[in-house]
*Asks:* 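Take this structure, written in structure tokens, and hold onto it; I'll ask about it next.
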There are 2 protein chains.
Amino acid sequence: MTTPAPPTDRRRERHLAKRATIVAEAWTLARRDGLAAISLRDLADRVGLRQPSLYAYFDSKLALYDAMFADGNRQLIETVSALPEHDDPHEALVDLVEELTRFSAADTVRHQLLFQRTIPGFEPSEQSYAVAREFYAIGQERLAAAGVGEPGDLDLFTAIVSGLTHQQVANDPGGDRWVRLSRQAVEMYLAQIERKSPAQQSN
Amino acid sequence: MTTPAPPTDRRRERHLAKRATIVAEAWTLARRDGLAAISLRDLADRVGLRQPSLYAYFDSKLALYDAMFADGNRQLIETVSALPEHDDPHEALVDLVEELTRFSAADTVRHQLLFQRTIPGFEPSEQSYAVAREFYAIGQERLAAAGVGEPGDLDLFTAIVSGLTHQQVANDPGGDRWVRLSRQAVEMYLAQIERKSPAQQSN
DNA sequence: GTCTATACATCGATAGAC
DNA sequence: GTCTATCGATGTATAGAC
């Protein structure tokens, strides 16, 4: 996909390290100029290379976006994995939603790449998409712990989360206007689930 | 902003008509290649002009995006204005949300330009933004009719609508997976409002 | 208003030497 | 792997004829 793997482990390690540096610098550039406005010449300069040399690490600009997509999703997994354990699955869900809204608010272009289809021609590769699915599975787990499993209920939940994050990013980039609504949104959602099919427990 | 208005009404009319044609063709191009991938040379070809002649209608590419932004918002206002009247403000709200989700699903790039900040450097002009505010006012009116007025409650509502539309566009572009959830989402929302501050009436 | 012609800077991408 | 050199295409803009 990107380039034939170098022969020795040493070389391979160096190669991957440099690749990571390039991706990190690409995020910086994207934050400054916009995601679609990343210039490969600028990027190369910032990592001590000439523009054509980038092609030793990425087959194309879209391949760079793909690496950023995978990277952003790994950050997402790391972030939600670091959340403290909770006995109460409802509270755990509130924590999750608040954290996701903060995560998006913290980096507009990251949110843009991960959750919006905005770069013409870009579609995540199978490998990168697998990382995204891994995150989705974590969310699904938390929902299941709160007693939510119906497909339609899951869709409603993703809509709520995506709505909070999107509004936060679009209308209050630095702030917490929609972060503060996370708890209420989760309570509203769980009440709706409960209303539809009352569970036996409610401790 | 764009070009000094032609002297006579006849000329002005022609000018505006051609401008509208260009904008319409720009939408077609955006749907085919992506919003950020519109080429002014392509666009000029499609309206029977040479590329420099486009500058008789738009000062820059960003000015073209601005015209598209205003155009899309006018379509939005037209769409929600065409909704049938309703005695029940709750039902009117359901209709509105369903229609908004359908509207977004019907044209991904239009949704992208209207509701996501995706084009580097683009920011709506004051005039274009006024059209967007006009639409927002309509929505606010409908909400007020349903007894919703608190700022936080409005924010929660915009999050729900933006979530439904975004998920519909991103994960089921041609379909109605989230359109079908609109009614449930509105009922969930109104129940939450009612729970917070029970109203005197409930007819 | 529209054209031809032209200019400039920038861009992603490739060829080929080392 | 990295370089130089170069390609074709792009957006932007202007001059000047008609």
Side-chain angles (χ1 to χ4, degrees), chain A residues 1-23 25-26 29-30 32-68 118-123, chain B residues 1-23 25-26 29-30 32-68 118-123:
Chain A
M1 195 90 311
T2 41
T3 269
T8 79
D9 283 0
R10 194 73 114 288
R11 279 173 112 79
R12 183 180 163 76
E13 204 175 317
R14 274 188 184 285
H15 185 87
L16 291 179
K18 186 102 187 179
R19 236 181 96 101
T21 306
I22 296 171
V23 168
E25 212 55 51
L29 221 48
R32 198 193 61 181
D33 302 333
L35 190 60
I38 294 177
S39 152
L40 294 188
R41 284 176 173 86
D42 267 20
L43 179 56
D45 273 358
R46 286 164 164 267
V47 296
L49 288 176
R50 301 293 184 156
Q51 176 254 330
S53 304
L54 285 178
Y55 283 79
Y57 298 94
F58 302 97
D59 280 349
S60 70
K61 198 182 184 180
L62 290 181
L64 170 67
Y65 285 126
D66 193 55
M68 295 171 74
T118 184
I119 305 290
F122 170 64
E123 203 155 354
Chain B
M1 193 92 309
T2 42
T3 270
T8 79
D9 282 1
R10 192 73 115 288
R11 280 173 111 80
R12 183 178 164 77
E13 203 176 317
R14 276 188 182 284
H15 185 86
L16 291 178
K18 186 100 187 180
R19 236 182 97 102
T21 306
I22 296 171
V23 168
E25 211 55 51
L29 221 48
R32 197 193 62 181
D33 301 333
L35 190 60
I38 295 177
S39 153
L40 294 187
R41 285 177 173 88
D42 266 21
L43 179 58
D45 274 358
R46 286 165 163 266
V47 295
L49 288 177
R50 301 294 182 154
Q51 175 256 330
S53 304
L54 283 179
Y55 283 80
Y57 298 94
F58 303 96
D59 280 350
S60 70
K61 197 180 184 181
L62 290 181
L64 171 66
Y65 285 126
D66 193 54
M68 295 172 75
T118 185
I119 304 290
F122 169 65
E123 203 154 354

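Letters A, B, ... mirror the listed sequences (proteins, then strands); counts begin at 1. Only a predicted model underlies this, so the values are computations on that prediction, with no experimental measurement involved.
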*Asks:* Could you work out which one of C:dG12, C:dG1, D:dG11 sits closest to the side chain of B:A56?
*Replies:*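 The closest nucleotide is C:dG1.
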*Asks:* Can you check the B:L49 CG to C:dT2 P distance for me, whole Å?
*Replies:* 6 Å
*Asks:* Using atom CG of B:D33 as one end and atom P of D:dG11 as the other, report the distance to the nearest whole Å.
*Replies:* 11 Å
*Asks:* From CG of B:L54 over to P of D:dG11, roughly how many Å is that when rounded to an integer?
*Replies:*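 That distance rounds to 10 Å.
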*Asks:* How is B:L64 classified with respect to the nucleic acid when contacts are heavy atoms under 4.0 Å: base, sugar-phosphate, or nothing?
*Replies:*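 Nothing, no nucleic acid heavy atom in range.
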*Asks:* Any side-chain heavy atom of B:L64 within less than 4.5 Å of one from B:L54?
*Replies:* no
*Asks:* Do the side chains of B:I119 and B:K61 get nearer than 4.5 Å, heavy atoms only?
*Replies:*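 Heavy-atom side-chain distance check fails, nothing below 4.5 Å.
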*Asks:* Verify the contact: side-chain N or O of B:S53 to OP1 or OP2 of C:dG1, cut-off strictly under 4.0 Å; return yes or no.
*Replies:* no
*Asks:* How long is the line joining CZ of A:R19 and P of D:dG1, in whole Å?
*Replies:* 12 Å
*Asks:* How close or far is atom P of C:dG12 from atom CD1 of A:I119, stated in whole angstroms?
*Replies:*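 That distance rounds to 11 Å.
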*Asks:* For A:L62 and C:dC11, give me the distance from atom CG to atom C1', rounded to whole Å.
*Replies:*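 Atom CG in A:L62 sits about 14 Å away from atom C1' in C:dC11.
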*Asks:* Looking across every strand, which nucleic acid part, if any, lies under 4.0 Å from B:G121 by heavy atom: base, sugar-phosphate, or nothing?
*Replies:* nothing
*Asks:* Between B:Y57 and B:H15, how do the two ring planes meet: parallel, tilted or perpendicular, split at 30° and 60°?
*Replies:*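 Parallel, since the angle between the ring planes stays under 30°.
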*Asks:* So, is B:Y57 near the phosphate of C:dT2, with a side-chain N or O under 4.0 Å from OP1 or OP2?
*Replies:* yes
*Asks:* Does some side-chain heavy atom of B:L40 sit less than 4.5 Å from a side-chain heavy atom of B:F58?
*Replies:* no
*Asks:* Please give, in whole Å, the distance from D:dG8 P to B:D42 CG?
*Replies:* 18 Å
*Asks:* Record whether the side chain of B:R41 comes under 3.5 Å of the base of D:dG11 through a donor-acceptor pair of N or O atoms.
*Replies:*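 For B:R41, whose side chain was compared with the base of D:dG11, there is a donor-acceptor pair (under 3.5 Å).
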*Asks:* Considering heavy-atom distances to DNA chain D, does A:Q51 or B:K61 have its closest nucleotide positioned more toward the 5' end?
*Replies:* A:Q51
*Asks:* What's the CZ-C1' distance between B:F58 and D:dA13, to the nearest Å?
*Replies:* 17 Å
*Asks:* Is there a side-chain contact between A:K18 and A:I22 (heavy atoms, below 4.5 Å)?
*Replies:*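 Contact flag for A:K18/A:I22 side chains = yes.
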*Asks:* Considering heavy-atom distances to DNA chain C, does B:R50 or A:S39 have its closest nucleotide positioned more toward the 5' end?
*Replies:* B:R50
*Asks:* Nearest to the side chain of A:P52 - C:dT14, D:dT12, C:dT4?
*Replies:*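 My answer, after comparing the listed nucleotides, is C:dT14.
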